[in-house]
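The first residue of the sequence shown is numbered 1, and numbering continues consecutively from there. Remember, it's 1-based here, ligands and their atoms both numbered in the order they're listed.
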Amino acid sequence: KPEAGPPDSPWLNVSQYACQRRTTLNNRNKILTDALEVLAENYEFIESIGPCLGFRRAASMLKSLPAPVRSINDIEGLPCLGPETMAVIQDIFECGSSSKVEEVLTDERYQTLKIFTSVFGVGPKTAEKWYRRGLRSLEQIVSDSSIHLNKMQIAGFKHYEDISKPVSKAEAEAVRRIIEEIAGCFSPDVTITVTGGFRRGKEFGHDVDFLLTVPGPGKEDGLLPAVIDHLRSQGILLYSDFQESTFDLTRLPCRRFEAMDHFQKCFLIVKLKKEQVVGQQAEQRCGRDWKAVRVDLVAPPVERYAFALLGWSGSTQFERDLRRFARLERNMLLDNHALFDKTTNTFLQAKTEEDIFIHLGLDYIEPWQRNA
Ligand code: TTP
Ligand code: MN
Ligand code: MN
Ligand code: MN
């Protein structure tokens with residue numbers, strides 16, 4: 001085998017940045033990326049950010065390759081592969097699996113934290129606290145009266161069965177119709193855009209994400225509270241966490257990647273009737289005729305739309321690398337609100353996602369190619 005593939009190999013010139021790669025849902029290296037993501041997750045649980053990102057970056061790079069990696073020679077010269085990652089990949093090629101990964105998968109702590117963090121509202125910190133108290137199952141958590149659950153976690157446990165199941169495209173479409181109708185009552189000019197995993201072409205998601213906008217300055221004020229009230233009066237609001245806008249152009253942009261932005265937004269659980277979903281039976285003899293579904297709504301000011309759309313379309317790894325690329329390669333700061341050029345001290349305006357890619361000197365990457 002040649003050392004680094006033939007000269008015209010598509011594996012040459014693979015960028016270290018996800019925003020310079022096209023990553024579809026067709027992952028040819030799932031065995032490797034699943035293994036690396038287990039290690040990344042394990043490091044996330046112990047809040048060891050450096051190693052976690054290292055493994056995530058490696059997995060993300062491998063997802064973009066147009067063919068399966070068949071030997072350790074294949075990946076020579078590719079970016080994002082540190083010595084630890086190389087050792088894992090070598091183990092998988094030589095033994096069929098990585099002992100390091102197997103160890104994590106059978107580790108009681110990993111298994112327990114994985115279960116605990118699968119509850120809506122429970123992050124690594126809370127999961128770790130419960131683990132240290134000797135708790136090992138969700139049943140133990142809900143029956144322990146000394147544990148204080150917040151409002152989000154109470155909803156998370158209450159609807160656990162439903163919201164731990166994947167949301168289908170048909171269900172996402174049904175949710176879109178409901179939100180569209182309700183938002184249309186607030187203003188006939190509202191536009192609703194699917195973001196998140198469904199915009200990237202995924203068949204299933206853990207929630208449904210939407211961006212709502214109304215043309216005209218400040219016209220989005222009050223939109224989400226109105227939508228939430230409407231859902232409540234229809235009896236289909238199971239949980240809502242509304243966050244008022246704290247958006248302030250004078251304090252832009254943020255210095256680093258933030259999971260949270262400053263737009264008006266809400267994290268919801270809504271009741272989706274089976275009859276509202278195309279292709280599902282209206283009535284079942286036994287059991288409920290509805291399913292609880294997690295829904296995220298964001299309502300940015302219309303002139304921030306392109307930045308919000310890019311930021312909420314993901315994947316998380318793609319977003320991280322867009323920001324990292326902007327900072328390290330362009331001396332610019334990008335977040336969900338704006339793009340700032342530090343060299344000229346100016347904000348760069350954008351009406352579309354394409355505008356932002358042009359400002360960054362990047363080829364446009366379609367949403368379905370952002371599954372990094
Ligand atoms: P998610 O809904 O968490 O992820 P996803 O849609 O890619 O995957 P899934 O199918 O499992 O739902 O987040 C979508 C994007 O929104 C993600 O790129 C991160 C971004 N995001 C923000 O920018 N700010 C926020 O406050 C949150 C919660 C998400
Ligand atoms: Mn989502
Ligand atoms: Mn979401
Ligand atoms: Mn901020």
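Taking any N or O of Phe267, backbone or side chain, none lies under 3.5 Å from an N or O belonging to ligand 1. Between Ser315 and ligand 1, a contact under 3.5 Å exists for no N or O pair.
If you look at Tyr239 and Phe120, their ring centroids are closer than 6.0 Å.
The 12-atom threshold is not exceeded at CD of Glu103, counting heavy atoms of other residues, nucleotides or ligands nearer than 6.0 Å. At most 12 heavy atoms of other shown residues, nucleotides or ligands fall within 6.0 angstrom of atom CD in Glu181. Residue Ile31 qualifies as open at atom CD1: its count of foreign heavy atoms under 6.0 Å is 12 or below. The local environment of NZ in Lys158 is sparse, with at most 12 non-hydrogen atoms from other residues, nucleotides or ligands closer than 6.0 Å.
When each atom of ligand 1 is checked for a heavy atom of Gly314 under 4.0 Å away, the hits are 18 (O). Here is the list of ligand 1 atoms found below 4.0 Å of a heavy atom in Asp209: 2 (O), 6 (O). Residue Gly197 has at least one heavy-atom neighbour below 4.0 Å for each of these atoms of ligand 1: 5 (P), 6 (O), 7 (O). Residue Asp207 has at least one heavy-atom neighbour below 4.0 Å for each of these atoms of ligand 1: 2 (O), 12 (O). Ligand 1 places these atoms under 4.0 Å from at least one heavy atom of Gly196: 6 (O).
In the model, Thr191 has no side-chain atom that pairs as donor or acceptor with a side-chain atom of Tyr305 under 3.5 Å.
Around atom 12 (O) of ligand 1, the closest heavy atom drawn from Lys265, Gln243, His206 belongs to His206. Of the candidates Lys202, Gln317, Arg200, Lys202 brings a heavy atom nearest to atom 10 (O) of ligand 1.
The closest approach of Asp209 to the Mn ion (ligand 2), by N/O/S atoms, is made by OD2. The atom name of the N/O/S atom in Asp207 closest to the Mn ion (ligand 2) is OD1.
The side chain of Asn336, and not its backbone, has at least one atom closer than 4.0 Å to an atom of ligand 1 (non-hydrogen atoms only; side chain from C-beta on).
Counting only heavy atoms from C-beta outward, the side chains of Trp368 and Arg199 never approach each other to under 4.5 Å.
Note on Asp296: not counted as a metal contact of the Mn ion (ligand 2), no N/O/S atom lying under 2.8 Å.
Side-chain atoms of Arg200 come within 3.5 Å of backbone N or O of Ser313 as a donor-acceptor pair. Thr106 places a side-chain N or O within donor-acceptor distance of the main-chain N or O of Glu102, the cut-off being under 3.5 Å.
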